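Letters A, B, ... mirror the listed sequences (proteins, then strands); counts begin at 1. All figures in this text were calculated on a predicted structure; none of them were measured in a lab.
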Amino acid sequence: MKTNYFQVLTGVGGVRNGKLSTRAGKVLTPTFMPDGTRGAVKSVKPEDVQATGVQAVLANTYHLHLQPGEEVVTKLGGIHGFSGQKLPMLTDSGGFQVFSLAHTRKITEEGVTFKDPRTGDTVFLSPEKSIQIQMKLGADMMVAFDDVTALDDAGRDRTKEAFDRTHRWLERSLAEFQRLTMDMKPDERPLLFGVVQGGLDKELRKRSLDIVQGLPVDGIAVGGLSVGESREEMHGMLAYLADLYDDSPRPRFLLGVGDPIDLRFAIENGIDMLDCVLPTRNARHATAWVSGDKKIHLTNATYAEDAKAIDPGCDCATCQAGYSRGFLRHQFQVGEPLAGTLVSIHNIRYLQRICEEYRNETNEQSTSKPN
RNA sequence: GCAGGGUUAGUGAAGCGGUCAAACACGAGAGACUGUAAAUCUCUUGGCUUAUGCCUUCGUAGGUUCGAAUCCUACACCCUGCA
């Protein structure tokens, strides 16, 4: 296990302010990371993503494995050279696709077989395979392959099964990770996050957290939330977990959460990193966040002749450039992708600004020593 | 001028005696999206402040019928042939 790669201060109210060292550079936390599933944050140039203040970007193992394949990514210089993204890159394991592609996949103890709905190709992912792919992709941070299950009424009965399998798979992921990184120098080695599961069952969650924290993983990821449960249920679990993390200086990564309200709640409950498709998907669907964590639908008729920026006073590139709501509405109406791009930049910046506010606040209020 | 064909809700287009306020598509209006099968999906779209209700519609005006967007007559306009 590496040492001293994550320095963190805990401020008043449990908000943490950290500096995570990855082989591709530092990541200031708390931080929101946009998802670039297929190697790009949809419709946004890597340099424009950087300009929002983002600290790290995600990509997805499952999608890049399917297309173009990790070999191609390796040939083109690894995930950074391939994508043109210089920021630290974190790859998700493909575990979420166990949930989102549930109707085309088959789980066995060995791993998961997916059937690509577009090509009919069979894709097999296992803990070892996922780590191998993430390594070939050249990820700076990676996630252990877990078993994600839904938390709607229908999916909850699989919680225990997914919980158990996630831990068995975590040990296999970790072993494969250690095997592949044993010859690497500390500053060349990527970081591995283990995933906490357990659904909405507090006892399971606590046990899962203990298991993950008991292993020499570099970071603690909280998974299996925002998958169909209510906001109250999710917040309740985050608040419950907040008191249970150990003192080891490891980053805590809440997987798949990105609504501003949830982002704030998570950060106030000790989470350091989050990722989500919401800012970019909402943006492409013409929904923008504005001051007060409200959202507006830019396609609404009321904005047709609105000369104001999306959020007057916003410091994002889109608002600063003066693109009006009326212009954006029109571009959405006629199906021009530029609108989605411009709003994506705004939404990503909106979340980033929240993170920056917490970082600044914590700096000022911080009372405890770096641990 | 003669002979055919056509005229349906914002647009295009089904319907061809009752189950038609009228399919479907687009457009329009609103909403949903949380480790991206998602530039996608859902709902509404004649009026009545909302209903297993009422009212007004299917070029215009009459007529036949218990009943018409659907049949008949006249007229208007639009196409296509032939003069």
Check: Regarding A:Arg252 and the six-membered ring of A:Tyr245, is the cationic atom NZ or CZ under 6.0 Å from the ring centre and inside 45° of its axis?
Finding: yes

Applying a 4.0 Å non-hydrogen cut-off, can you work out what [X] is touching in the nucleic acid: base, sugar-phosphate, or nothing?
X: A:Gln134; result: nothing
X: A:Gly340; result: nothing
X: A:Leu225; result: nothing
X: A:Thr287; result: base
X: A:Arg231; result: base
X: A:Val227; result: nothing
X: A:Ser43; result: nothing
X: A:Gly95; result: nothing

Check: Less than 4.0 Å between a side-chain N and a carboxylate O, is that true for A:Arg329 and A:Glu305?
Finding: no

What is the separation between atom [atom1] on [X] and atom [atom2] on [N], rounded to the nearest whole Å?
X: A:Phe32; N: B:U36; atom1: CZ; atom2: P; value: 11 Å
X: A:His285; N: B:G29; atom1: NE2; atom2: C1'; value: 18 Å
X: A:Asp35; N: B:C33; atom1: CG; atom2: C1'; value: 14 Å
X: A:Trp169; N: B:G35; atom1: CH2; atom2: P; value: 20 Å
X: A:Asp262; N: B:C33; atom1: CG; atom2: P; value: 11 Å
X: A:His330; N: B:A28; atom1: NE2; atom2: C1'; value: 15 Å
X: A:Arg284; N: B:C41; atom1: CZ; atom2: C1'; value: 13 Å
X: A:Phe193; N: B:G35; atom1: CZ; atom2: P; value: 17 Å

Given [N], is OP1 or OP2 found less than 4.0 Å from the side-chain N or O atoms of [X]?
X: A:Asn60; N: B:G35; value: no
X: A:Gln97; N: B:U36; value: yes
X: A:Arg38; N: B:A38; value: yes
X: A:Lys295; N: B:G31; value: no
X: A:Arg329; N: B:A28; value: no
X: A:Gln333; N: B:A28; value: yes
X: A:Asn282; N: B:A39; value: no

[X] to [Y] - nearest heavy-atom pair and separation:
X: A:Gly25; Y: A:Pro88; result: O-CG, 3.8 Å
X: A:Val195; Y: A:Val143; result: CG2-CG1, 3.5 Å
X: A:Gly53; Y: A:Arg349; result: CA-NH1, 4.5 Å
X: A:Gly198; Y: A:Arg205; result: C-NE, 3.7 Å

Note to self: Quick check: on RNA chain B, is the nucleotide nearest A:Tyr62 upstream (toward 5') of the one nearest A:Leu278, or the reverse? Name the residue that is more 5'.
What the structure shows: A:Leu278

Next item on the list: On RNA chain B, check which nucleotide each of A:Pro337 and A:Phe96 is closest to and give me the residue with the more 5' one.
Entry: A:Phe96

Pair assignment for [N], Watson-Crick or G-U wobble, requiring both distances under 3.5 Å:
N: B:C2; result: B:G81
N: B:A14; result: none
N: B:G27; result: B:U45
N: B:G35; result: none
N: B:A74; result: B:U60
N: B:A21; result: none

Notebook entry, point to check: Quick one: do A:Val277 and A:Val222 end up in the same hydrophobic cluster if we chain Ile, Leu, Val, Met, Phe, Trp and Tyr together by side-chain heavy atoms under 4.5 Å apart?
Noted result: no

Rounding to an integer number of angstrom, what distance separates [N] and [M] when you compare their [atom1] atoms?
N: B:G81; M: B:U8; atom1: P; value: 22 Å
N: B:U60; M: B:A68; atom1: P; value: 16 Å
N: B:U70; M: B:A25; atom1: P; value: 26 Å
N: B:A69; M: B:U40; atom1: P; value: 39 Å
N: B:C48; M: B:G4; atom1: C1'; value: 44 Å
N: B:U52; M: B:U44; atom1: P; value: 13 Å

Margin query: Suppose we screen for salt bridge (charged side-chain N to carboxylate O under 4.0 Å, His left out). Which residues come up paired with A:Glu109, at least two apart in sequence or across chains?
Written below: A:Arg165, A:Arg168

Of the options [options], whose atoms approach the side-chain atoms of [X] most closely?
X: A:His297; options: B:G31, B:U36, B:A39; value: B:G31
X: A:Asn300; options: B:G35, B:G31, B:A38; value: B:G31
X: A:Leu255; options: B:A39, B:G35, B:U36; value: B:G35

Item checked: Pairs meeting criterion side-chain hydrogen bond (donor to acceptor under 3.5 Å, both in side chains) with involvement of residues 278-295 of chain A, two or more places apart -> A:Arg264-A:Asp293, A:Ser291-A:Asp311, A:Asp293-A:Tyr350

Next item on the list: May I ask whether A:His63 stacks on the base of B:U36, given the cut-offs of 5.5 Å between ring centres and 30° between planes?
Entry: no

